[in-house]
Amino acid sequence: MRPFAFKRPAGAEAAVKLVAANKDARFIAGGTNLIDLMKEGVDRPNELVDISRVSLNLIRSLGGNGVSIGALAKNTDTANHPLIRQGFPLLTQAILSGASPQIRNMATNGGNLMQRTRCSYFYDLGTPCNKRQPGSGCGAKDGLNRYSAIFGWSDSCVAVHPSDMCVALAALDATVRIRTVAGGERKMNFTAFHRLPGDMPELDNNLSHGEMILSIDIPANRFQANSYYLKIRDRSSYAFALVSVAVGLEIDKGVIKNARIALGGVAHKPWRAEEAERFIEGKQADAAVFQQAAELALRGAKPLSENGYKVKLAQRAIARALRRAANV
Amino acid sequence: MMQDDLKRQPSRVDGRAKVTGKATYIAEFRFPDLAYGYLVQSTIARGTVRDIDTAEAEKQPGVVKILTHKNAPKLANPQADEDFGEKSRPFFALMTDRVLFSGQPVAVVIADTFEQARYAASLVKVSYNEEKPSTDIRDVMDKGFASGRPRPVRGTPDEAFAAAEVKVEAEYTIPIEHHNAMEPHATVANWDGERLTVYDKTQGVTGVRNYLATNFGIDREKITVLSPFVGGAFGASLRPTPNTLLAVMAARETKRPVKIVYSRRQLATAHGYRPASIQKIKIGADKAGKLNSIIHEAVHNTSSHEDFAEDLVGISRTLYACPNVRTDAKITRTDLQTPLWMRAPGTVSGAFALESALDELAYKLKIDPLELRLINYAETDPDSGRPFSSKELRECYRQGAERFGWKDRKPEPRSMRDGRFMVGWGLATGTWGAFLAPSSARVTLKADGTALVESGTTDIGPGTYTTISLIAARQLGLPLEKVTFKLGDSNLPSAPSQGGSITTASVGTAVQECAQIVQKDLMATESKREASPFSGVPFENIEFVDGAVRIKGRPETAMTIGEVLSRNGLPEVTATHTTRPDFGERAKYATASHGAQFVEVKVDEEIGIVRVTRVVQATAAGRIINPKGAHSQEMGGVVWGIGMALMEHTEIDHRIGRIMNPNLAGYHVPVNADIGAIETIFVPEEDTIVNPLGAKGLGELGLVGIPAGIANAVYHATGIRVRDLPITPDKLTR
Ligand SMILES: Cc1cc2nc3c(=O)[nH]c(=O)nc-3n(C[C@H](O)[C@H](O)[C@H](O)COP(=O)(O)OP(=O)(O)OC[C@H]3O[C@@H](n4cnc5c(N)ncnc54)[C@H](O)[C@@H]3O)c2cc1C
Ligand code: SF4
């Protein structure tokens, strides 16, 4: 087998030092994504730094309903935590629509942000893939792209980010708290965390090698009563989204005061539909408005040869998610 | 079947071993000093291997040997497995530099551990002379050629169609689908001098033994092939896969036992698949719904090197009474692995087309789909003209419709709703031939009152261990737990491969007859014993009950089997017996199982999601020997049908001829949440002609009508006719 060192440092600081010092080292948390990638030979670290026991699994209040969720809290524990269930039911719904109970029991929040695309070429060493092997070409763009992006793709990569949780986090204006290699901390807006492929599809996000996610912080908001996560997939459970939508609304006497709409399964990162958000803000919460917003959200879509269906499906999903969130 | 009825029925005799982990599957067997083989598979679909560089791999710790086409020993007598016979130019891994499909084994690395072998395999460098592959059936459908003997045209179908009052003409397509059994293909091979022992995941130990004997040029008697438990096969193990030959070859070359296990990714090309098919159907009828023409043309893909053909069109010749019928079956070449039988091969594909088309006709005629089927009910087999040995299909329709509540169906599409869901009710018919193959068995009655039953069949999951034990127990008058059934060993009396739903009928008949021979032998000896109460009593007047023998109607004469044996100084009594299907009487009849499937779907139309909420599966398959097993087979058929109708699809990048979803995350089969209520009904059939047991196969039958039934229900719900499987959300939201 490919030999690798396995280390279990005491804390975040030591862990960051270890990974920063070796470009072929990786953090390992729940292992549900990294181990698969290693088995397939897609990722070939020579050092694994186990952070699963670093005590970053707290979920604590930030005042109001704002909350900080530890990078190493499990997906299941996060989804079921009272602060999340009450304060951010959207997040609970999104997490529970992903993977399977067994996987969610292992998967951590940090790992969920960092999980890699499910593009089938990325997983198959016998095919070209710029993300796996820069410069080898993109198998999906003119190949099997039923699952690929309709927004923000480039000629070098058309992959989508597979997470459900991240779609909700994008809608909730979260920030990612990061431990830097130099030993400090920095924060990144969630929407700036993942990146578009451009001509460097090998990079999924803007984290530097060795930097470690400490927590994901969600500010207080008033979307509790009117939020909804809708995931459309090829079977009832245990499948990645063809399209998903996270919606959070603040409604006052039938008028939308504040809106968030994020899409999954359509781009290399969770895709915020900001124009549509602005369009419905200040308007009555009704089906016709939502339909218009849905059309607006998909206006810039650029489907590929096999994924044109995503445009209509996403429109319908947005319209429905908005109606569900608003109870109209 | 009702849960309460089932509770009282016997459970799987091997169930405990399976849930406690005592049942050993192939990859778990080992020999001392075992070495591990790992395959390197081609990344191109067509061309030749220019070079294989194994230098780096050979240097790795633990590597014992690397076999490629350059150094692999030639086979003594390369020949296909028996089922494929003459037609094929079989593929043998490592025998030439030719690449016939992507994922073809081009090297096998043998090392001390699995991990060492896998790692070294990743370092083998293969270069190719690449040729452009052709793997899309659409590109080659016009190059199809006839497969098999042409079948006679009945009447004048083209003229009849032209003149028909009401017509349907449509094209149906089904993509490649893979079996994806839980257990991976695996072989563990051990040479002991000239004797060879092979644990192999297979549906037929005799077939594998003969295949190895031929190809390696050794006596059959020197080979033992074992396959005690099979973790699902569905047809995928009806042919020896490359691991079988390669493990044997590697073991011989390295003089060590060798194990080869396919990974899930590799499995997609280890064996064949349900071929991609395109079917054109024309049906003509009069206004009263009477069919007057069926024209069914089908083409499916095969490989570039073998002529695999399955029968998609046969169902159109037998299912309905119709005076004018033409069927036309073609195959066409692609640069893929050879297809292979997969549960209900051919028939389920053909039924999707025929039963969808019939549904389309029902709407055109404004006749209830059930009524239409009754109008055209085939009282005798329309193809052969023979009567059916038994056929309770009408009763399946009646009981199924009643249980389902079919009479409340509103005829118009889009006319039934449940809140935001569109509700659709559809139905379809299934049939599967009741076949028989020669089989052998041995039965031994022992002094301790137990029986040992042996036959070289396999149990790939349907419950053969249980069903055959039940047959023996009933015949011998023993409680089930006193019977042990041994299978999966090529040294046992030989039986056909487990496929085509023939096992219960074929092996069961052999066992029943053999048990009777043992009983007769025992009583012949006993009746000659001095002072035997059975002296002079004809065998017909003797019965075996509760482990004892007695004269009918005289319980006081009962003597345990052990007692009979000991009084005659016998440790045991045994017999071996081979059945030959009796084509005398049977040949005058058509023999088949039938079923009717009633399906309810609820469609979330806005986002294109279909849920199969309710299925009633009514089955007529002769005598049901193992009710729990039969119930689970028919349920399994529904679950499979849901997969085939709504999600299963092997995705191929035709530019490179490569399967791109070779794993269970990308190849979707149903999960529990996809399954609604499933009810089974078994309509009894008395059939003394089909075989002495009166039992017909039902393992494949339960799938045949389901995909069409679901597609028909989806049409009823939405008004959208999907003729291209699977019915995914994108097809309903266009
Ligand atoms: C079969 C299957 C189905 C799935 N279906 C879904 C689905 O439907 N929806 C969905 O959203 N997800 C799905 N998932 C993905 C699952 O959510 C992720 O695998 C999981 O969240 C990863 O978390 P982990 O802790 O196991 O990460 P690991 O596998 O341990 O790590 C993944 C990556 O994250 C890095 N990493 C981990 N923690 C940190 C940290 N704190 N800071 C910096 N880097 C870090 C690691 O170095 C590694 O590169 C599925 C997974 C599987 C296997
Ligand atoms: S879409 Fe991205 S991940 Fe997929 S093949 Fe292209 S480069 Fe690789």
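A note on names: the letters A, B, ... follow the listed sequences, proteins ahead of strands, and every chain is numbered from 1.
Across all their heavy atoms, A/Gly139 and B/Arg655 have their closest contact at O-NH2, 2.6 Å. Between B/Ala673 and A/Ser236, the shortest heavy-atom contact is O-OG, 3.4 Å. In plain terms, the two heavy atoms of A/Gly126 and B/Thr43 that are nearest each other are CA-CG2, 3.7 Å. Heavy-atom minimum distance, B/Thr733 versus A/Lys312: O-CD, 2.8 Å.
At a 4.5 Å heavy-atom cutoff, A/Leu125 makes no contact with chain B through either its backbone or its side chain. Interface residue B/Glu605: only backbone heavy atoms are found under 4.5 Å from chain A. For B/Ile44, no part lies near chain A; criterion is any non-hydrogen pair under 4.5 Å. Heavy atoms closer than 4.5 Å to chain B are found in both the backbone and the side chain of A/Asp142. For B/Ile675, no part lies near chain A; criterion is any non-hydrogen pair under 4.5 Å. When heavy atoms are compared at a cutoff of 4.5 Å, B/Arg420 approaches chain A solely by way of its side chain, counted from C-beta outward.
A/Leu313 places none of its side-chain heavy atoms less than 4.5 Å from the side chain of B/Asp730. Residues A/Arg2 and B/Ser122 have side chains in contact (heavy-atom distance under 4.5 Å, counting atoms from C-beta outward). Looking at heavy atoms from C-beta onward, B/Asn661 lies out of side-chain contact with A/Ser120 at the 4.5 angstrom threshold.
A donor-acceptor pair under 3.5 Å is formed between the side chain of A/Arg235 and the backbone N or O of B/Val669.
Per-residue heavy-atom pair counts under 4.5 Å with chain B were compared for A/Leu230, A/Val311, A/Asp124, and the maximum is reached by A/Asp124. Of the listed residues (A/Ala239, A/Ala140, A/Gly308, A/Gly143), the greatest number of heavy-atom pairs within a distance under 4.5 Å of chain B belongs to A/Gly143. Contact tally against chain A (heavy-atom pairs below 4.5 Å) for B/Arg611, B/Gln60, B/Arg118: the top residue is B/Arg611. Most heavy-atom pairs under 4.5 Å with chain A, from the set B/Val671, B/Thr728, B/Asn672, B/Asp674: that is B/Asp674. By number of non-hydrogen pairs under 4.5 angstrom with chain B, the leading residue of A/Arg118, A/Lys39, A/Glu40, A/Lys310 is A/Glu40.
Between the side chains of A/Tyr121 and B/Asp653, at least one donor-acceptor pair of N or O atoms lies under 3.5 Å.
Between the CG atom of A/Leu242 and the CD1 atom of B/Ile609 there is a distance of 7.5 Å, given to the nearest 0.5 Å. Once rounded to the nearest 0.5 Å, the distance linking CZ of A/Arg233 with CD1 of B/Ile607 reads 10.0 Å. Considering CG of A/Asp234 and CE of B/Met647, their distance stands at 8.0 Å, rounded to 0.5 Å. Between atom CZ of residue B/Arg658 and atom OG1 of residue A/Thr127 there is a gap of 6.5 Å, rounded to the nearest 0.5 Å. In this structure, CZ in A/Arg146 is found 8.5 Å from NE2 in B/His649, a value given to the nearest 0.5 Å.
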Practice problem: Verify side-chain contact (heavy atoms from CB on, under 4.5 Å) between A/Tyr123 and B/Arg265, making sure each step is shown before the conclusion. | Solution: CA-CA 10 Å; A/Tyr123 268 85; B/Arg265 173 172 289 278; 3.5 Å; yes
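Using a 4.0 Å cut-off between charged side-chain N and carboxylate O, A/Arg320 and B/Glu606 make a salt bridge.
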